[in-house]
Protein chains: 2
Amino acid sequence: MIDRALERFRQVVRARALKASKVREAVVRAALTLEGHFSVDDLLRVLHASGVHEAHMATVYRALPLLVDAGLIQATLTAQGESQLYEVVFEREHHDHLVCTGCGRVVEYQSQALLALEREIAERYEFELDVRTIELHGRCKSCRRGEARGGRSLHV
Amino acid sequence: MIDRALERFRQVVRARALKASKVREAVVRAALTLEGHFSVDDLLRVLHASGVHEAHMATVYRALPLLVDAGLIQATLTAQGESQLYEVVFEREHHDHLVCTGCGRVVEYQSQALLALEREIAERYEFELDVRTIELHGRCKSCRRGEARGGRSLHV
DNA sequence: ATTACTGCAAAATATTTGCACGTTG
DNA sequence: CAACGTGCAAATATTTTGCAGTAAT
């Protein structure tokens with residue numbers, strides 16, 4: 001799997017007349033092993049843990065857009081504060097997120113109907129979809145119980 | 001309209017045992033006059049232009065979450081870099097965004113079917129929806145024309 | 001009187017950039 | 001050898017916070 005990803009990555013690198021680089025491919029390898037949502041910092045930790053001690057923050061920041069363009073990872077949960085999170089999308093099932101505004105819990109779900117609808121909308125406006133950021137925000141069941149105490153009070 | 005918004009805002013303020021404040025209400029008034037997407041800086045400029053010269057950046061940053069909780073504005077286009085953008089949602093039609101990854105153009109669209117589907121999904125996971133961030137990213141027609149020249153090349 | 005609100009400046013954070021050197025094609 | 005990649009540190013930019021004084025309840 002990582003081999004196919006690396007191959008695809010190299011295609012993009014070549015297509016742009018860039019050069020191969022060990023550190024950058026180590027970033028690809030490290031990213032592809034990650035399971036859930038990860039930050040640049042998480043990725044850096046994995047790199048260091050796997051012996052690539054040279055890997056520097058700036059290098060990771062510079063490499064990530066390439067991984068995104070190669071369709072290996074995708075920025076997600078962009079509405080969360082702090083730092084940008086990513087997740088692997090290469091050869092994984094597409095899913096969207098439901099985020100609880102109370103406890104921050106993130107539920108992943110899949111909906112073929114939603115996917116179809118998105119495509120239809122994109123088509124209507126003559127867009128060629130490439131990233132779908134569908135983030136629904138709301139309060140989960142357990143967070144709603146404590147609501148009377150004067151937390152956020154108005155709902156759509 | 002602004003009166004209804006202010007009334008709603010005051011409800012939230014009261015509900016939290018906070019105090020009324022002129023500057024904060026000026027922020028509400030200024031925000032409600034804005035048409036499209038705006039940043040904190042935009043809002044600040046409007047405030048200054050309308051004579052509220054005291055209004056300070058920190059005050060605006062502190063006020064915005066209240067406007068959000070009151071359902072007057074909503075953070076949007078969270079995947080764009082730079083600074084957080086907002087838009088007025090109070091008594092306006094709901095819409096979502098289609099963002100071109102090439103030129104940054106943003107198209108707004110409405111889809112009842114999408115809305116219904118979102119609600120259905122939220123219900124399935126027992127979430128009470130409160131903000132819907134549906135941001136579709138792709139390349140618009142005119143940006144796709146220049147594609148062969150080696151820009152982003154892979155699509156989903 | 002008590003507690004919140006404000007402006008200011010400083011702090012904290014995340015990401016980007018310039019530069020000198022190493023590596024690749 | 002020409003161009004790209006890297007580490008490092010410094011720079012940017014945005015948002016947050018502590019503080020001292022002001023305003024609201």
Side-chain angles (χ1 to χ4, degrees), chain A residues 6 9-31 37-45 47-48 50-70 73 75-86 150, chain B residues 6 9-31 37-45 47-48 50-70 73 75-86 150:
Chain A
L6 270 174
F9 183 70
R10 290 183 184 130
Q11 276 171 24
V12 171
V13 167
R14 242 178 283 130
R16 303 201 186 173
L18 300 180
K19 296 179 176 174
S21 124
K22 290 188 173 144
V23 184
R24 206 151 51 186
E25 298 205 346
V27 172
V28 173
R29 251 186 280 270
H37 307 116
F38 62 91
S39 64
V40 168
D41 227 61
D42 295 332
L43 185 45
L44 207 49
R45 259 193 298 279
L47 276 162
H48 289 169
S50 54
V52 190
H53 291 293
E54 325 86 49
H56 195 274
M57 186 188 61
T59 304
V60 174
Y61 272 108
R62 286 187 273 229
L64 289 183
L66 275 172
L67 306 227
V68 171
D69 291 349
I73 65 175
T76 52
L77 299 177
T78 52
Q80 307 318 23
E82 316 158 6
S83 60
Q84 178 64 262
L85 297 182
Y86 295 87
Chain B
L6 271 173
F9 183 70
R10 291 183 184 129
Q11 275 170 26
V12 170
V13 168
R14 243 179 281 128
R16 304 201 185 174
L18 300 179
K19 295 176 179 177
S21 122
K22 291 190 171 141
V23 184
R24 205 150 54 186
E25 298 205 347
V27 172
V28 172
R29 251 185 281 269
H37 307 118
F38 61 90
S39 64
V40 167
D41 227 61
D42 295 331
L43 185 46
L44 207 49
R45 258 193 297 278
L47 276 162
H48 290 169
S50 54
V52 190
H53 290 292
E54 325 87 47
H56 195 274
M57 186 189 60
T59 303
V60 174
Y61 272 108
R62 287 187 273 229
L64 289 184
L66 275 172
L67 306 229
V68 171
D69 291 349
I73 65 175
T76 53
L77 300 177
T78 53
Q80 308 318 24
E82 314 160 6
S83 61
Q84 179 62 264
L85 297 181
Y86 296 87

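Chain naming here is simple, since letters A, B, ... match the order of the sequence lines and numbering starts at 1 in each. All figures in this text were calculated on a predicted structure; none of them were measured in a lab.
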Rounded to the nearest angstrom, tell me the gap between atom [atom1] in [X] and atom [atom2] in [N].
| X | N | atom1 | atom2 | result |
| --- | --- | --- | --- | --- |
| B:H56 | D:dT16 | NE2 | C1' | 13 Å |
| B:E25 | D:dA23 | CD | P | 16 Å |
| B:H48 | C:dG7 | NE2 | C1' | 11 Å |
| B:Y86 | D:dT15 | OH | C1' | 10 Å |
| B:L67 | C:dC5 | CG | C1' | 15 Å |
| B:L64 | C:dC5 | CG | C1' | 15 Å |
| A:E82 | D:dA13 | CD | P | 23 Å |
| A:D42 | C:dA14 | CG | C1' | 14 Å |

Please determine if a side-chain N or O atom of [X] lies less than 4.0 Å away from the OP1 or OP2 oxygen of [N].
| X | N | value |
| --- | --- | --- |
| A:Y61 | C:dT16 | no |
| B:S21 | C:dT6 | yes |
| A:R62 | D:dG5 | no |

Between B:V60 and B:A17, name the one whose nearest nucleotide on DNA chain C is closer to the 5' end.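 Per heavy-atom nearest nucleotide, the more 5' residue is B:A17.
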Between A:K19 and B:R24, which has a closest nucleotide on DNA chain C that is more 5'?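 Between the two, 5'-proximity favours B:R24.
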With the side chain counted from C-beta on, respond yes when B:L18 and B:L66 share a heavy-atom pair under 4.5 Å apart, and no when they do not.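 They are in contact (side-chain heavy atoms under 4.5 Å apart), so the answer is yes.
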Please report the closest heavy-atom contact between [X] and [Y], naming both atoms and the distance.
| X | Y | value |
| --- | --- | --- |
| B:A26 | B:V52 | CB-CG2, 4.0 Å |
| A:A31 | A:F38 | CB-CZ, 4.3 Å |
| B:A63 | B:R24 | CB-CG, 3.9 Å |
| A:K19 | A:V13 | O-CG1, 3.6 Å |

Give one of base, sugar-phosphate or nothing for A:A20, where a contact means two heavy atoms less than 4.0 Å apart.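 The residue A:A20 makes sugar-phosphate contact but no base contact.
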Name the residue closer to the 5' end of DNA chain D, choosing between B:L18 and A:A63 according to the nucleotide with the nearest heavy atom.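 By nearest-heavy-atom nucleotide position, the 5'-most residue is A:A63.
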For the side chain of B:S83, starting at C-beta, report the closest nucleotide among D:dA24, D:dT15, D:dC8.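 Minimum distance to the B:S83 side chain belongs to D:dT15.
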